[in-house]
Number of protein chains: 2
Amino acid sequence: MVKKTGRPGYLQIADDLREQIRGGALAPGAPLPSTAQLAEQYDASLSIVKMAVGILRNEGLVIGQQGKGVFVREDEQPEKRPATDLASEVIELRTAIQDLSERLARVESTLSESRRSPK
Amino acid sequence: MVKKTGRPGYLQIADDLREQIRGGALAPGAPLPSTAQLAEQYDASLSIVKMAVGILRNEGLVIGQQGKGVFVREDEQPEKRPATDLASEVIELRTAIQDLSERLARVESTLSESRRSPK
DNA sequence: TAGGTCAACATAGTTAACCTAGTTGGCTTG
DNA sequence: CAAGCCAACTAGGTTAACTATGTTGACCTA
């Protein structure tokens, strides 16, 4: 299945799955084929499939549930805002990241201290 | 180097490098240590380091040049960035938020559990 | 029947090894 | 000296095998 373009196999598979999700062939909430099935389907090794799925997972397109499977994310954000609002959304998101980072740093340092001197 | 938080090593390393870049410890244009050096530095396997670098590469934070090294991207002014890139930045920020949220949830639950039943 | 066990399957993380290919610098040879 | 070869580095792609952990269903037993 993987074509002999210069593009690495794990990206080709990630592209293909992404396409299937965007195109609706894999509906939100639907499970992807198992790693083993995908490996056979694309005639690729398990590692390659895992890398491809890992990319989609990292992109948030897909959510892996250990022991169950990998599912297409049920996203409810259908193009609500016009493109002109993208800039403000970026600012919004930056603020959220700042906030999360601070909380995380605080709580992680607390955690490491309590590990160093328990109780 | 990799701490025994629940967070996988390749993400810890990616986080650390990302931090160094954002913080200026690794200036734009500067080369990262080689894969082998990073592996020794973090006391991790080559594969893990490659995964971590692959993440940063995927995020566009870093550019790998085969045969030479991996270099911190010399970023052009964000102001001049065309609007078409805003969308991809939103995606990037979203994944960052998702990532931070997961870390936060994990570490906060760890904290509350250790309060409930201290080891 | 209710409950426990166990095998099979799933994702996820990690490691080690092998291969390709680009770059660099030093050494040899013409 | 100049050209070319070569060894030693670099990143990147691929594969296989192992561990950990979660889920499910079938089966056995009390």
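Values reported hereafter were calculated over all heavy atoms of this structure, with side chains retained and with hydrogens, waters and symmetry mates removed. Naming: A, B, ... by sequence-line order, numbering from 1 per chain.
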Checklist entry - Between dT10(D), dT15(C), dA12(C), which one does the side chain of S45(B) approach most closely? => result dT15(C)
Checklist outcome for this item: Closest of dA16(D), dT14(C), dG12(D) to the Y10(B) side chain is dT14(C)
Item to check | Residue A36(B), side-chain atoms from C-beta onward, closest of dG13(D), dT11(C), dT10(D) | outcome: dT10(D)
Item to check | Between dT15(C) (P) and M51(B) (CE): distance, integer Å | outcome: 11 Å
Item to check | Nucleotide of dT14(D), dG12(D), dT11(C) approaching Q66(A) most closely (side-chain heavy atoms) | outcome: dT11(C)
Item to check | Spacing of I55(A) atom CD1 relative to dG13(C) atom P, expressed in whole Å | outcome: 14 Å
Next on the checklist: Side chain of K50(B) only, heavy atoms from C-beta on: which candidate in dA12(C), dA16(D), dG13(D) is closest?
Outcome noted: dG13(D)
Checklist outcome for this item: Rounded to whole Å, the CG-P distance (L46(A) to dA10(C)) equals 10 Å
Next on the checklist: Over all strands shown, is S47(B) touching base, sugar-phosphate only, or nothing at heavy-atom distances under 4.0 angstrom?
Outcome noted: base
Next on the checklist: Does dA11(D) have its OP1 or OP2 closer than 4.0 Å to a side-chain nitrogen or oxygen of R57(B)?
Outcome noted: no
Item to check | Whole angstrom value for the distance that separates C1' of dT23(C) from NZ of K68(B) | outcome: 8 Å
Checklist entry - Can you check the I13(A) CD1 to dG13(D) P distance for me, whole Å? => result 13 Å
Next on the checklist: Can you identify which nucleotide, out of dG12(D), dA16(D), dG13(C), has its nearest atom closest to the P8(B) side chain?
Outcome noted: dG13(C)
Item to check | Of G54(B) and G67(A), the one whose closest DNA chain D nucleotide lies more 5' | outcome: G54(B)
Checklist entry - Quick one: N58(A) CG to dA12(C) P, roughly how many Å, whole number? => result 12 Å
Checklist entry - So what does T35(B) touch, heavy atoms closer than 4.0 Å: a base, only the sugar-phosphate, or nothing? => result sugar-phosphate
